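Bear in mind the structure is a predicted one, so any value in this text is a computation, not a measurement. We name chains A, B, ... by the order of the sequence lines, and we start the count at 1 in each one.
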Amino acid sequence: MKIVVCIKQVPDTVEVKIDPKTGTLIRDGVPSIINHDDKTGIEAALTLREQLGGTVTVVSMGPPQADVALREALAMGCDEAILVSGREFGGSDTYATSGILAAALKKIGYDLIITGRQAIDGDTAQVGPQIAEKLHVPQVSYVEEVKEATEDYVVVKRQFEDGYHIIKIKTPCLLTAIAELATPRYMSVRGIVEAYEKEIKILGFEDLKDDLELDMIGLKGSPTNVYQSFTKEVKGAGTILKDLSADEAVKAIVDKLEEKFII
Amino acid sequence: MDFKLTKTQMLQQELFRKFAETEIKPIAKDMDEAEEYSAELLQKLQKIGAFGIPYSREYGGQGADVLTYTLCMEEMSKVDASTGITLSVHTSLCCPCINEFGTEEQKQKYLRPLVDGSKIGCFGLTEPGAGTDAAGVRTEARLEGDYYILNGTKIFTTNSGFADTFIVFALTDKSKGPKGMSAFIVERDSEGLTVGPNIERMGIRAASNCEVVYENVKVPKENLLGKEGQGYKIAMTALGGGRIGIGAQSVGIAQGAIDEALKYVKERKQGGKPIGKYQNTQFKLAECQTKVDAARLMVWRAATAKDNHDNYAPLAAMCKLFASETANEVTRVCVQLFGGYGYCREYPVERAMRDAKITEIYEGTSEAMKMIISGSMKV
Ligand SMILES: Cc1cc2nc3c(=O)[nH]c(=O)nc-3n(C[C@H](O)[C@H](O)[C@H](O)COP(=O)(O)OP(=O)(O)OC[C@H]3O[C@@H](n4cnc5c(N)ncnc54)[C@H](O)[C@@H]3O)c2cc1C
Ligand SMILES: Cc1cc2nc3c(=O)[nH]c(=O)nc-3n(C[C@H](O)[C@H](O)[C@H](O)COP(=O)(O)OP(=O)(O)OC[C@H]3O[C@@H](n4cnc5c(N)ncnc54)[C@H](O)[C@@H]3O)c2cc1C
């Protein structure tokens, strides 16, 4: 089975800053990591490979610096890594990103595609489902367990608001991974040595132009119009009242509400 | 000259740092209190390849360099010096004896499982009567047919509580002194080999360190390393490289203490401000960090020399001498910056100060390092 995992390199911080002028993320000076859900996806893919045989390919769209995220994936045990990169791709929103990744996936070939549910920076959870739509393959999002896997189909448990679904889905298909799906393994020392001996293939616009038009990608191909971006104001820490009787607690709350002219 | 790590080394460092923070730091205090190394942690370390870092992939090793090994030693020792010594005795005392002096058969049979992470090794040179003067070893090995018969007592054999493979030094010819010493590979389950209880210690208490008694232990002739009479040379070669690991362990202990102190002095307030705002605190930490950086550069220099097959032995002795004394000074200063809390078990600097002391003693005392260094200077 050929499994392809889409991984995104994201800044390692909860405090993502936004450039007030351009409305895009400021990535300089922030250490980068593989998006958590995507690392889970890598682990799930490696486990499936151990069961079924085959290969695991990781693909990331991003600037050349995404190289280190791909090396890390190789060091965890992935067989092959592909960087989708080019000036033409800059400024892409989720719609354009998924179009580019879909074109890359068509070129790479796949039996099973795994993406993370959501990236911790962009946070839209749109890219995985959009890729599936563009490739016309079935998809299951929020996968928390792979119950059974064969060359022809997979049976997965999908998290749902008030329960779960057990879904049998034909391959080729796309799954989006959540944290519950797997605990990512560590890289190994030898894996890192070998990751840097491998070559990372780069796919640019020229390689994908059979499936892409310039007006489908980059800022031009991005229908999302960011009206305004801003950094959320940090709220002060709350007050914790401890060791009070019920009556004292009620009084303390009422006093506070009165003090703030709420009641 | 370029003092930067390569991309590969940086990713290795990230692996070690993350592993140490997630898997070791939360249990280091408990292992110290229990005076027992976690078997589960050993397995996790084996899985990431921590036991075969600078060994060829041809023999199942990880295929990285000595410098990468020092990065591992530093990151692990930052949170737990016991993990440092456990890895170090295996990687840079036991394995080199086989890697550098073993036959192809010995490498396949004994080195492969040691460096691929399935077995653990130890190194028995020191005896109750032979410490700094390692030439004073009394353990004997008598050839009888296809076997050597070993008799003697080794003290302070690190990892012996759980190791599978023992490198043992014994006299095959008592009349020749150190020139009559030979090195053997001995399997743990050999009849007559008895490992005593863990020796109660001041520091690195989670590490395994026991007396090992050899009583008529039959060792197959083919387990002799090198030739008869080469034992002393083998021991000195292993120790010569091992000291780079102890240098790195010392740097880790010291850096770990500084990292803890940096956090603490920003939080702890006295006289209306964080103690980090006092110039004394700032200058003390500046001095500590400067010394640790110098020690680290010395460790990297010795490691690079070993990677390049240059004459590393005096560089290794210098880095061990300087780094171990730095670790002791820095941990003492850090405990001082913590005040009374630094003296309490709750804070990791207390353990760091206890752990630091051993670095000035094992794999050759500071005094022994000065003998080696002055010897290389032809004083
Ligand atoms: C108007 C607009 C303009 C933007 N302009 C820029 C810009 O100029 N520069 C810029 O860097 N970003 C820009 N972005 C952000 C960019 O759209 C997102 O990084 C990208 O589309 C992924 O979306 P997300 O982060 O919400 O991922 P999600 O949809 O939350 O991610 C889900 C999963 O999809 C996969 N995935 C997502 N992105 C990638 C990827 N790049 N490679 C491989 N797999 C991936 C991962 O598996 C991930 O877990 C812009 C976004 C908008 C809305
Ligand atoms: C926790 C721990 C782990 C160890 N692990 C191992 C191991 O795995 N394998 C192993 O073989 N050994 C191991 N050792 C032994 C260690 O290497 C010795 O303890 C060390 O070499 C010192 O020997 P000694 O204890 O006999 O001290 P001694 O040699 O008796 O030294 C006592 C003091 O005298 C000084 N001294 C001795 N000779 C001279 C001299 N000629 N000139 C000036 N000063 C001198 C020393 O520097 C020291 O200060 C370990 C020891 C400990 C405590």
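Within a 6.0 Å radius of NZ in Lys119(B), no more than 12 heavy atoms belonging to other residues, nucleotides or ligands are found.
Listed by first and then second residue, the ring pair (Phe, Tyr, Trp, His ring centres under 6.0 Å) pairs involving residues 239-259 of chain B amount to none (not counting sequence neighbours).
One distance of note links CE of Met187(A) with CZ of Phe19(B); it measures 12.0 Å at 0.5 Å rounding.
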Which donor-acceptor pairs sit under 3.5 Å apart between chain B and chain A?
| unit_1 | atom_1 | unit_2 | atom_2 | d |
| --- | --- | --- | --- | --- |
| Gln12(B) | NE2 | Val189(A) | O | 3.1 |
| Glu23(B) | OE2 | Tyr186(A) | OH | 2.7 |
| Ile48(B) | O | Val189(A) | N | 2.9 |
| Arg57(B) | NH1 | Glu194(A) | OE2 | 3.2 |
| Arg57(B) | NH1 | Glu197(A) | OE1 | 3.0 |
| Arg57(B) | NH2 | Glu197(A) | OE2 | 2.6 |
| Gly61(B) | O | Arg190(A) | NH1 | 3.3 |
| Gln62(B) | OE1 | Arg190(A) | N | 2.6 |

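Under the side chain to side chain contact (heavy atoms under 4.5 Å, CB included) criterion, Ala163(B) pairs with Ile120(B), Cys122(B), Asn159(B), Phe166(B), not counting sequence neighbours. Checked against side chain to side chain contact (heavy atoms under 4.5 Å, CB included), Lys277(B) has the following partners two or more places apart in sequence or in another chain: Lys273(B), Pro274(B).
Closest of all the heavy-atom pairs between Val189(A) and Ala64(B) is CG1-CB, 4.0 Å.
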